[in-house]
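Beneath this line is the structure, given in structure tokens, with notes to follow.
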Amino acid sequence: MTVQVVIKPNTYFDSVSLMSLSTKANQVEGVEQAIIAMGTEMNKGVIRNVGLMTPEVEEAKNSDLMIVVKAATDELCENAFVSINELLTKKNTNTGKSEVKYSTISSAAQSIPEANLAVISVNGAYAAREAKKALENDLHVMLFSDNVSIEEEIELKKFAHEKGLLMMGPDCGTAILGNIGLAFANAVRKGEIGIVGASGTGSQEISVRIHDFGGGITQLIGTGGRDLSEEVGGIMMLDGIKALDEDEATKVIVLVSKPPAPSVEEKILAQISQCKKPVVVWFIGGDEEKITKAGGHFAKMSKEAALKAVLLAGADESKINKRALNIPLIEEVRAKLKPEQKYIRGLFCGGTLCDEAMYAAMEKFDNVYSNIQKNADYLLEDNNVSKEHTFIDFGDDEFTKGKPHPMIDPSTRIERFKQEAKDPSVGVIVMDFVLGFGSHEDPVGVMLPAIIEAKQLAEQEGRHLEILGYVLGTDLDYQNFDEQVEKLIAAGVTHASSSQNAGLLAREFVVKGE
Amino acid sequence: MRYAISGDSDFIQKIKASEFSGYVHSIFNRTVNIQSLENGELYTVACQEIDNGPNTLVIQVERFNTINLSVNDQVYTENNFLHIANKLTIAVDKAALWESILPEYPQKVEILNRNSTKMRDYIDHYGIGGGMKKSNHPTTPFEIELSRLLEERTGLLLTELFNNRHSEAIEKASKLIGLGPGLTPSGDDFLVGLFTILNLPKSPTHPLKDFCLEVVKLAKPLTNEISYMAMQKASIGKVRESIISLIHSILYGTEEDLILSLNKVLKIGSSSGTDIALGILAGLEANKIAGGKV
């Protein structure tokens, strides 16, 4: 191991920039640890305690910026400094874009009379109040904030319904309106399929698969995760279906959610039966018979839902690459795993992607644990410790308190990955890498050093570590989809071509004795 | 030419009387620090979205990165104008005068009790980890060690303070100065919050304000000049408007006032706002012990 230090005399960066630089520096390829801090005596003491003290650090002054990098070789250290310097320069030269700021929604609405939508992301305590103001100003609302009470949600949705407006959220993280992605969304082709989704990454997955099959999206309307609860009654999903049914550009409607509350399901099925257009329904774990009886097109998994939608919109089936499951690969991987390597560890940024893979596993195994399990018997006692088959949604509240969402800052997942990779009972680690607006600029890249290290460690210990990665994205996403996939493959990761395939492959890899 | 919107009344008086000169010390997107040649203190020219503060002038500008300022640019004053080299001229004649005045500690403490509890819960949920608030998932040995030291040293300081062992408390406080990776280290920010409360007029801990002055005497060689200036001002009860507003809300405000003002403080720096807020809560705890009131 090598430790190298650069001291930048009399250099001040604001704290937010320093923290962001420090996070990014720790994700530079080959870096085991990077520290960026002011050269105070106390900080030098901490560096001494963690064994990274050098004569240069000893000499640093209070007003100096210390950059300390520990990596395997001198060359890796130097590469890291080049990357860190680029980040520092970027921070110094980033002039930002000047935007008009309005202090209230009403003043914004008055100044931009043509606006018809407000995207609101404020503290939950004030979110409902701001959403109400937007609705009063005749604006549709996408409410990204969570921690809004269910009573407030019901009041807002009823008010919006009466005014003929969309009230997307609270806790609505994904929408595509007029081909513009809002919050977390992918760049997809404009087309003839409309989506109403109560789950963010589930809706992203459907939109991406539709794009991959050659179709396109008219609108993707998010409802917020609680919309289909008994209390809220599916107000937004019902309004969303109605809006898409009346939209001339939309030929097919897709619904995405976990199973609704029974009374809400009845209302939705009743509305489906009234629709002029075909409706594909992907309710994870949903009831095929009921949906079919109502005239809906049932889909058990995400890829199936997207394919049905594209075909119903008139695509030529013979021209579609359906991304069939790689069956020979399953036998190949099974043969590499030792008998004791029998568990799946799913580490996900997207909640619905986690759910889909978990449901696939639950079809063959009983012992499937998670932090988002519906069955309380299989909820993890400690979310930081895996048990048998474990699926973690890192976007869940416990992991995001005071931290950005893992689709923006994947550092927590990286650490957990390192932990799982050392477990000799693990057969496969499955992960998602979500591209698109709002997501990390290089989600695969930040994970690569940990993946390479884990693969090497497993090899030294004489075991095969199967890592399965799914890149949720399109060729239009700014992160460069092909490059992300190539990076994974080059690191020895098996690439799954859809969320559905990722879930099925992970499950099949660890089935023993078939 | 730009107009100043508001500013520290002493700073504005110095400009009006042409009694201020110095040079640019450091430049950020939203603030420029100037070192005074008269008293060596740092003064800040801040963009319009920044709140008032000690030694601070808030001016009509969105960002400073579009103005070609450089470190060491000369700063001088002339009648009602502050000039930075020949690059920026600021007129102060229409600026609103602001002064840092802390509210008095209340006689009845029901609101304070309720708001302290609410504030702690809110910070548990929304505060930024990595400084005084433990990160849920520290990722490097440096972060883990830093977190351990902050926790250990804060605990030792408060134990000494609560037991009225002042000279020991001063020594323990000095071990927090400069501890933390940000521009204003977490230990410094915590002390800013603590000093603010110890300076509240009529509070049970008001006699402890000399403790703040003693700690600051040790601080200069232990931290950078920007952070030192914030601590030095806090030690005499001079803090930013957003912190005063938060203190007022804790002592006298509704829950909505509290959350609004707390959010503004939590947005300071990276974890700085959370570190300051936790210092404030520690100060209120000291009052509880000193006066049996909170």
Side-chain angles (χ1 to χ4, degrees), chain A residues 10-20 22-23 26 32-47 49-52 61-64 66 68 70 91-96 98-99 101 122-126 147 384 397-403 411-416, chain B residues 25-31 33 49 62-63 65-66 71 122 124-130 133 135-146 148-149 153 175-185 187 220-228 255-256 259-260 263 268-272 274:
Chain A
N10 290 315
T11 302
Y12 295 104
F13 280 89
D14 65 84
S15 296
V16 176
S17 299
L18 276 181
M19 293 299 166
S20 155
S22 188
T23 303
N26 273 290
E32 184 175 300
Q33 193 182 176
I35 299 164
I36 302 181
M38 300 305 289
T40 62
E41 283 307 314
M42 296 303 156
N43 284 340
K44 288 193 260 180
V46 182
I47 290 172
N49 290 0
V50 296
L52 298 180
K61 298 186 180 66
N62 291 328
S63 56
D64 297 344
M66 305 184 291
V68 183
K70 183 183 180 189
K91 284 281 170 202
N92 266 338
T93 55
N94 185 8
T95 52
S98 180
E99 290 171 348
K101 285 186 178 172
V122 297
N123 186 285
Y126 310 104
N147 291 306
N384 294 310
D397 284 352
E398 194 206 333
F399 292 101
T400 53
K401 270 183 199 168
K403 278 204 91 163
S411 54
T412 306
R413 180 169 79 162
I414 294 172
E415 290 312 305
R416 182 61 171 265
Chain B
H25 171 273
S26 45
I27 305 164
F28 302 92
N29 279 344
R30 300 187 301 168
T31 55
N33 291 317
E49 70 183 64
E62 280 193 15
R63 289 286 184 274
N65 49 14
T66 53
V71 169
Y122 197 86
D124 278 349
H125 204 79
Y126 295 106
I128 304 296
K133 183 185 169 188
S135 166
N136 284 342
H137 305 278
T139 51
T140 66
F142 180 81
E143 285 174 14
I144 294 165
E145 178 64 2
L146 180 70
R148 184 187 74 77
L149 290 176
R153 292 178 184 181
K175 301 287 184 204
L176 279 170
I177 298 170
L179 187 58
L183 175 66
T184 53
K220 199 156 195 178
L222 296 173
T223 192
N224 66 67
E225 288 168 312
I226 297 170
S227 191
Y228 170 76
E255 191 176 317
E256 191 176 359
I259 300 300
L260 268 174
N263 266 316
I268 297 174
S270 177
S271 67
S272 291
T274 301

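Residue numbering restarts at 1 for every chain, and letters A, B, ... go by the order of the sequence lines. All heavy atoms count here, side chains included; hydrogens, waters and symmetry mates do not.
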TODO: Go through the steps to decide whether Tyr12(A) and Val71(B) satisfy the test side-chain contact (heavy atoms from CB on, under 4.5 Å), and finish with yes or no.
DONE: CA-CA 11 Å; Tyr12(A) 295 104; Val71(B) 169; over 6 Å; no

Counting heavy-atom pairs closer than 4.5 Å to chain A, which one of [options] comes out on top?
| options | value |
| --- | --- |
| Ser26(B), Pro141(B), Gly269(B) | Pro141(B) |
| Gly130(B), Ser272(B), Ser271(B), Pro221(B) | Pro221(B) |
| Leu176(B), Leu146(B), Thr184(B), Ile259(B) | Ile259(B) |

Open item on the list: To check you understand the geometry: which heavy-atom pair defines the closest contact between Val46(A) and Leu179(B), and what is its length?
Closed with: CG2-CD1, 3.5 Å

Spacing of [atom1] belonging to [X] relative to [atom2] belonging to [Y], to within rounding of 0.5 Å:
| X | Y | atom1 | atom2 | answer |
| --- | --- | --- | --- | --- |
| Ile226(B) | Met38(A) | CD1 | CE | 7.0 Å |
| Ile47(A) | Glu145(B) | CD1 | CD | 11.5 Å |
| Asn49(A) | Arg148(B) | CG | CZ | 6.5 Å |

Given 3.5 Å as the limit, does a donor-acceptor pair link the side chain of [X] with the main chain of [Y], or not?
| X | Y | value |
| --- | --- | --- |
| Tyr126(A) | Leu260(B) | yes |
| Gln33(A) | Phe142(B) | yes |
| Asn62(A) | Asn224(B) | no |

Open item on the list: If I measure from the heavy atoms of chain B, does Leu52(A) come under 4.5 Å with its side chain, its backbone, both, or neither?
Closed with: neither

TODO: Take Leu149(B) and Met42(A) through the side-chain contact (heavy atoms from CB on, under 4.5 Å) test and state the conclusion after the steps.
DONE: CA-CA 10 Å; Leu149(B) 290 176; Met42(A) 296 303 156; over 6 Å; no

Task: chain A contact via Arg153(B) - side chain, backbone, both or neither, heavy atoms under 4.5 Å - done: side chain

Task: Top contributor to chain B contacts, counting heavy-atom pairs under 4.5 Å, from Asn26(A), Ile414(A), Val50(A), Asp64(A) - done: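 Among the listed options, the one with the most contacts to chain B is Val50(A).
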
